[in-house]
Number of protein chains: 2
Amino acid sequence: MGLRERKKERTKTALLDAGIDLFLSQGYEATTVDQIAAEVDVSTRTFFRYFSSKEEVALCLPAEEQEAFLAALAERPESESPFTALVRTGRARLALLRELDETDASRLLKVQRLIQTTPALVASRMRLIVHNERRLLAEVARRQGRCPADLRAQLVVSVFLAMTMACYGDCPQDPAALAGRYESLLALAEDSLRPGWDLPAPDQAGPDPAVADPAVADRPAGEAAKVVVG
Amino acid sequence: MGLRERKKERTKTALLDAGIDLFLSQGYEATTVDQIAAEVDVSTRTFFRYFSSKEEVALCLPAEEQEAFLAALAERPESESPFTALVRTGRARLALLRELDETDASRLLKVQRLIQTTPALVASRMRLIVHNERRLLAEVARRQGRCPADLRAQLVVSVFLAMTMACYGDCPQDPAALAGRYESLLALAEDSLRPGWDLPAPDQAGPDPAVADPAVADRPAGEAAKVVVG
DNA sequence: TGTCATCTGTCATCGCGTGACATAAATTGC
DNA sequence: GCAATTTATGTCACGCGATGACAGATGACA
């Protein structure tokens, strides 16, 4: 790796760290791009050559994590059911947090704290997650042997994402607490879901049950509700 | 209602309609606030007195719907389980779509199409939804007699929101298709969830099982997974 | 060393959003 | 109907985020 690339990398992490620290100390909105650039002693224009937006400073790490998650998911054995594969991938990623460089780990925790305390960034991370939902869905549908429009595939992804978001819900603190929260939610899901719920229905062999019969919506309100009341 | 208020209301809906139409015809990003204001023949500054941002033009209707949803949820009978109350409220709101003024209905459908075809707006709507999650959670927890930090309450809300988002997932088209999709997802949820899953666990009487034992996270990866593999 | 590619700074520009202030309009009281 | 008050609107100025264009500085390579 040449001097040039090393210099670039140093500048990028310098901007990243400066940005995160400024965001945390004086607030995300109150911090201007000019300030970040000045801190690293580069021009504002140069800042935008490293980060496409101010937001990206706060979200590039989570974005990378998502990429890594998708890559890891793709390598889970086919024998695992879709939801199991998702859950185990999540657990593996979580475990990776603990064997991290001290500076990298603290950076990640800072970013977590930052996002958590900034409504605009919470929304942005949500956007990230939703943006990747499509790819997650594709992988789940592939494992189920269905098309991505399959409602059950969507349900599996939605439930998993719901769990993930609920995980972010409170306390970032330390990786251990996060993992604990993750496992608690998992146990709860086990209590709530029927075994095999994430496997494709064996009776319907067709590859496209995506659009359901709209006539079902004409049922009176009180009638269809029993399906979930139990 | 005085002349003044009528005039204001007319200006607001004029800006709203002009904005939606311009967004749809030439794209959201490509449309400037100046254009919208010019279309209604008011100054740019005045536009911002009616809408706090360009985004709000596209999202004020969904925002109002969310408020209405929360109000309707609060009035569901206590006898309904949390998830049932959520589902029936959703169904009732969906039914309301059909008895709407022609111009209001077409506006709503336009907004749906607009959001669906604009990634930035999809994200923004997601932000709206997440922003209201807290209030939804409060109501669910109240019905369960638990605190909002209760994981089961969070699961209930998450599953419901996941269903809602999956509903938005594809085809806006007509209200009937939307309702059909809603009911299909509902039926699928019935297949996947155990009866009574949304009721508070009877054994744990304490009001605060929010934070789980972090020690559980120390289990080897392969062991805890069986809880969902079944 | 000299040539080439690439990174960087400066400048200009656009769009979104806001505060301040003056003007025009509607509302109220007489 | 007219004056006094309230309130909506327009104009101006400004800050911030983001982008394109161009010239100069710096590392890469023969």
Side-chain angles (χ1 to χ4, degrees), chain A residues 1-16 18-20 22-23 25-60 63 114-115 118-121 123-125 127-128, chain B residues 1-16 18-60 63 114-115 118-121 123-125 127-128:
Chain A
M1 185 189 284
L3 177 96
R4 205 166 209 149
E5 294 186 46
R6 270 185 290 128
K7 206 170 181 182
K8 272 177 67 177
E9 195 163 339
R10 264 193 294 126
T11 305
K12 174 143 192 172
T13 67
L15 283 171
L16 183 60
I20 292 173
L22 282 172
F23 291 160
S25 64
Q26 54 181 357
Y28 175 74
E29 278 88 6
T31 303
T32 69
V33 172
D34 289 16
Q35 285 179 313
I36 304 174
E39 194 80 12
V40 187
D41 212 62
V42 296
S43 72
T44 306
R45 192 63 183 88
T46 294
F47 170 91
F48 283 108
R49 291 198 175 98
Y50 283 93
F51 297 94
S52 64
S53 69
K54 173 177 162 181
E55 192 188 87
E56 200 190 341
V57 174
L59 290 184
C60 65
L114 169 63
I115 296 178
T118 311
L121 291 180
S124 302
R125 178 172 53 186
R127 173 160 52 86
L128 248 190
Chain B
M1 182 189 285
L3 175 90
R4 206 169 210 147
E5 294 186 47
R6 271 184 291 128
K7 206 170 178 179
K8 273 178 66 177
E9 195 164 333
R10 262 193 296 126
T11 305
K12 175 143 190 171
T13 68
L15 283 171
L16 183 61
I20 293 173
D21 287 341
L22 281 173
F23 290 160
L24 277 177
S25 65
Q26 54 181 0
Y28 175 75
E29 277 88 5
T31 303
T32 69
V33 172
D34 289 15
Q35 284 179 311
I36 303 174
E39 194 79 14
V40 188
D41 213 63
V42 297
S43 73
T44 306
R45 192 65 184 86
T46 295
F47 170 91
F48 283 110
R49 290 196 176 99
Y50 283 95
F51 297 94
S52 63
S53 69
K54 172 177 161 181
E55 192 187 87
E56 200 191 341
V57 173
L59 290 185
C60 64
L114 171 62
I115 296 177
T118 311
L121 292 180
S124 303
R125 178 171 54 187
R127 173 160 51 87
L128 249 190

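Proteins come first, then strands; the chains are lettered A, B, ... in the order of their sequence lines, and each starts at number 1. Note that the coordinates shown come from a computational prediction; the quantities given were computed from them, not determined experimentally.
The distance between atom CD of B:Glu56 and atom P of C:dG17, rounded to the nearest whole Å, is 10 Å. Separating the CG atom of A:Leu15 from the C1' atom of C:dG9 is a distance of 14 Å, rounded to the nearest angstrom. The CD atom of A:Glu5 sits 11 Å away from the C1' atom of D:dG27 (whole-angstrom rounding). One can place CG of A:Asp41 at 15 Å from C1' of C:dC7, the figure rounded to the nearest angstrom. The distance between atom CZ of B:Phe23 and atom C1' of C:dC16, rounded to the nearest whole Å, is 12 Å. One can place CG of A:Leu3 at 16 Å from P of C:dT6, the figure rounded to the nearest angstrom. Following rounding to the nearest Å, A:Arg6 (CZ) and D:dT26 (P) show an atom-to-atom distance of 17 Å. What separates CG of A:Asp34 from P of D:dG15 is a distance of 11 Å, to the nearest Å.
Atom CG of B:Asp34 is separated from atom CZ of B:Phe47 by 10.0 Å, given to the nearest 0.5 angstrom. In this structure, the separation between CG on B:Leu121 and CZ on B:Phe23 is 7.5 Å, given to the nearest 0.5 Å. Interatomic distance, B:Ser43 OG to B:Arg45 CZ, rounded to the nearest 0.5 Å: 8.0 Å. Taken to the nearest 0.5 Å, the CZ atom of A:Phe51 stands 11.0 Å off from the CG atom of A:Leu59.
Side-chain to base pairing of B:Arg4 with C:dT27: no donor and acceptor N or O lie closer than 3.5 Å to each other.
For the pair B:Lys54 and C:dG15, the criterion of a side-chain N or O lying under 4.0 Å from OP1 or OP2 is not met. B:Lys8 has a side-chain polar atom (N or O) that falls below the 4.0 Å cut-off from OP1 or OP2 of D:dA8. Checking the phosphate oxygens (OP1, OP2) of D:dT9, a side-chain nitrogen or oxygen of B:Tyr50 falls inside 4.0 Å.
Across all strands shown, D:dA30 forms a Watson-Crick or G-U wobble pair, both distances under 3.5 Å, with C:dT1.
Set against D:dT9, D:dC12, C:dC7, the side chain of B:Arg45 has D:dC12 as its closest nucleotide. Taking the side chain of B:Thr11 as heavy atoms from C-beta on, and the options D:dT9, C:dG9, D:dA18, the nearest nucleotide is D:dT9. Closest to the side chain of A:Thr32, out of D:dG27, D:dG17, D:dG10, is D:dG17. Minimum atom distance to the side chain of A:Ser43 is reached by C:dG9, of the listed C:dG9, D:dG10, D:dG17. With D:dA18, C:dG9, D:dC16 as the choices, the nucleotide that has an atom nearest any side-chain atom of A:Ser53 turns out to be D:dA18. With D:dA18, C:dG9, C:dA20 as the choices, the nucleotide that has an atom nearest any side-chain atom of B:Arg49 turns out to be C:dA20.
Across all strands shown, A:Thr44 has no heavy atoms under 4.0 Å from either base or sugar-phosphate atoms. Residue A:Phe51 is out of contact with every strand shown, counting any heavy-atom pair closer than 4.0 Å.
Enclosure of atom CD in B:Glu9 is not indicated, since only 12 or fewer non-hydrogen atoms of other residues, nucleotides or ligands lie within 6.0 angstrom.
Here the closest non-hydrogen pair linking B:Lys54 and B:Tyr28 is NZ-O, 3.1 Å.
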